[in-house]
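Since the structure comes first, as structure tokens, the remarks are kept for the end.
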Amino acid sequence: MNKAIYIGELTLNVNLSSDGRATTSVGDRAVTAAMLDAAMGVETLFIGEAAADTVGDHIVGTLQRANVDTTSVDRFTEGAGAVRIASGDTPDSDSKAVLHASYPAEAVNPIWPRINEGDVFVYGSFMALDKRNHKSVLDLLSYAAARKAETVYLPYFDSRHVARTTRIMPEVWECLEAASLVIATVGDLATLFPGEAPADAFHDHILFYCRRCLVLDYDNLAMHFFDGDKSWTLKCHPSKDDSFHWTSAAVAGAVRALTEGRRDPDDIMEAANETAHSALSELEGVS
């Protein structure tokens with residue numbers, strides 16, 4: 001089986017509840033999807049950066065305990081581990097969340113993993129757009145494409161990093177152009193292309209750069225796949241998961257299908273639906 005290689009932000013999330021309890025988790029959508037893929041037996045690697053401090057040790061240790069290879073996590077010494085403090089229930093739910101971090105001035109400099117034909121390279125979050133790291137991510141994408149890997153773009157980012165979406169659109173276009181598949185939520189598309197329905201956002205913007213896009217619609221428990229001028233829709237199983245876990249698990253399922261060499265839209269959506277509906281998406285520690 002081929003590998004799943006993720007690149008993205010690594011943070012320690014501290015969620016404060018109204019009853020005074022505090023819970024912790026690691027990472028965001030890409031990190032959660034990576035840990036789920038590893039739980040399903042997919043050989044999974046993560047590329048990122050974490051400080052060589054206690055917070056970084058905890059983040060990397062969490063990935064390692066989830067059987068995610070962390071060889072390509074850059075452990076920097078001239079900074080501090082990223083801690084995100086929120087009062088919501090999930091890592092992407094609270095507009096009042098604050099991020100405490102100190103990154104080095106230099107771009108991320110990981111040990112590049114070996115990428116083989118058929119491997120799946122997944123990238124997204126603000127790390128792919130941040131001008132400090134964007135060129136490094138593009139270099140990795142170029143290498144992955146040269147090795148005939150599948151390249152999957154997750155076009156989400158924390159809005160607190162971006163004062164105006166127009167300022168990061170050049171980087172978004174480059175990330176779209178490097179992708180063989182885009183996996184986005186309805187909310188992701190609404191942030192990038194306000195006021196446009198997902199189908200219009202795909203045809204008017206994404207298709208020029210990438211012909212395949214999987215749209216995850218949690219509110220309607222549906223998935224929509226666009227491939228050029230063709231489209232498919234799958235009504236999904238009922239789920240007790242919140243939108244963050246459902247979406248992360250759907251990404252993991254779609255990536256797993258790609259590592260198995262499955263490229264048909266129906267196969268990709270079915271695998272995404274299966275994982276989003278399974279007990280795997282509710283695994284303790286994968287949040």
Side-chain angles (χ1 to χ4, degrees), residues 2 4 29-30 33 117-125 128-129 137-138 141-142 144-157 165-166 168-237 239 243 246-277:
N2 299 304
R29 189 186 307 172
E117 182 175 352
D119 286 345
V120 183
F121 189 89
V122 187
Y123 59 105
S125 76
L129 308 176
V137 174
L138 287 184
L141 282 168
S142 178
R147 300 291 296 171
K148 298 182 179 179
E150 290 287 324
T151 50
V152 179
Y153 180 40
L154 311 179
Y156 70 92
F157 54 89
T165 304
T166 52
I168 49 89
M169 288 309 295
E171 288 77 22
V172 170
W173 300 133
E174 289 182 321
C175 285
L176 287 170
E177 190 170 25
S180 58
L181 173 66
V182 175
I183 304 180
T185 68
V186 171
D188 297 337
L189 298 181
T191 298
L192 292 172
F193 313 110
E196 299 191 33
D200 294 332
F202 171 74
H203 288 292
D204 295 344
H205 304 287
I206 296 174
L207 180 57
F208 181 80
Y209 300 95
C210 179
R211 65 173 291 110
R212 285 162 61 92
C213 180
L214 171 61
V215 178
L216 306 175
D217 185 352
Y218 174 77
D219 288 342
N220 296 300
L221 283 180
M223 298 181 186
H224 312 283
F225 200 106
F226 300 95
D227 188 346
D229 59 355
K230 298 179 181 178
S231 64
W232 298 257
T233 295
L234 175 69
K235 293 296 293 181
C236 299
H237 302 303
S239 175
S243 61
W246 185 85
T247 300
S248 301
V251 170
V255 171
R256 184 198 69 194
L258 292 172
T259 65
E260 295 169 351
R262 298 156 66 186
R263 301 291 184 269
D264 183 81
D266 288 328
D267 287 344
I268 293 172
M269 287 193 294
E270 188 53 46
N273 182 33
E274 176 187 348
T275 306
H277 183 62

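Predicted, not measured: the structure shown is a model, and the values here were computed from it. We use all heavy atoms of the structure for the numbers below, so side chains are in, but hydrogens, waters and symmetry mates are not.
Here the straight-line distance linking atom CG of L189 with atom CZ of F202 works out to 10.5 Å at 0.5 Å rounding. Expressed to the nearest 0.5 Å, how far CG of L214 lies from NE2 of H224 amounts to 9.5 Å. Here the straight-line distance linking atom CG of L181 with atom CG of L154 works out to 9.0 Å at 0.5 Å rounding. Distance CG/L216 to OG/S243: 11.0 Å, rounded to 0.5 Å.
Under the side-chain hydrogen bond (donor to acceptor under 3.5 Å, both in side chains) criterion, N220 pairs with D217, sequence neighbours left out. Considering only residues two or more places apart in sequence or on other chains, F208 meets the ring-ring contact (aromatic ring centres under 6.0 Å, His included) condition with none of them. In this structure, the side-chain hydrogen bond (donor to acceptor under 3.5 Å, both in side chains) partners of Y156, at least two apart in sequence or on a different chain, are D28. D227 is linked by a side-chain hydrogen bond (donor to acceptor under 3.5 Å, both in side chains) to R211, R212, counting only residues two or more places apart in sequence or in another chain. Listed by chain and number, the residues in a ring-ring contact (aromatic ring centres under 6.0 Å, His included) with F157 amount to none (sequence neighbours excluded). Shown here are the ring-ring contact (aromatic ring centres under 6.0 Å, His included) partners of H205, two or more places apart in sequence or in another chain: F193. Take T165 and apply the side-chain hydrogen bond (donor to acceptor under 3.5 Å, both in side chains) test, not counting sequence neighbours, and it matches no residue. By the side-chain contact (heavy atoms from CB on, under 4.5 Å) test, L234 pairs with M269, E270, N273, sequence neighbours left out. Residues satisfying the salt bridge (Lys or Arg N to Asp or Glu O under 4.0 Å) test with R147, not counting sequence neighbours, are none. Annotation: salt bridge (Lys or Arg N to Asp or Glu O under 4.0 Å) contacts of E274 (sequence neighbours excluded): R256.
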Given side chain to side chain contact (heavy atoms under 4.5 Å, CB included), test L258 with R263 step by step and report yes or no. CA-CA 6 Å; L258 292 172; R263 301 291 184 269; 3.8 Å; yes
Go through the steps to decide whether L192 and V172 satisfy the test side chain to side chain contact (heavy atoms under 4.5 Å, CB included), and finish with yes or no. CA-CA 9 Å; L192 292 172; V172 170; 4.1 Å; yes
Dump the intermediate steps for side chain to side chain contact (heavy atoms under 4.5 Å, CB included) on F226 and L207, then the final yes or no. CA-CA 9 Å; F226 300 95; L207 180 57; over 6 Å; no
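The stretch residues 251-274 participates, sequence neighbours left out, in no ring-ring contact (aromatic ring centres under 6.0 Å, His included) pair at all. Note on residues 174-197: pairs passing salt bridge (Lys or Arg N to Asp or Glu O under 4.0 Å), not counting sequence neighbours, are R29-D188.
Side-chain contact between W232 and D266 is present, with at least one heavy-atom pair separated by less than 4.5 Å.
For the side chain to side chain contact (heavy atoms under 4.5 Å, CB included) with V152, the lone residue among V251, V182, V122 that qualifies is V122.
The two residues I183 and P155 come nearest to each other via the heavy atoms O-CD, 3.2 Å. A250 and A276 make their closest contact through N-CB, 4.1 Å (heavy atoms, listed as atom of the first residue, atom of the second, distance). Here the closest non-hydrogen pair linking A144 and T151 is CB-CG2, 4.2 Å. The heavy-atom pair separating I268 from A254 by the smallest distance is CG2-CB, 3.8 Å. What you find for A222 and W246 is that their closest heavy atoms are O-CH2, 3.9 Å. Minimum heavy-atom separation, L141 to A178: CD1-CB, 3.8 Å.
Side-chain atoms of S248 never come within 3.5 Å of backbone atoms of A33 as a donor-acceptor pair (strictly under, hydrogens ignored). A donor-acceptor pair is defined here as one N or O able to donate and one able to accept, closer than 3.5 Å; no such pair exists between the side chain of S142 and the backbone of L138. Judged by distance alone, the side chain of Y123 and the main-chain N or O of C175 form a donor-acceptor pair under 3.5 Å. Remark: side-chain polar atoms of T259 are not paired, donor with acceptor, to backbone N or O of A4 under 3.5 angstrom.
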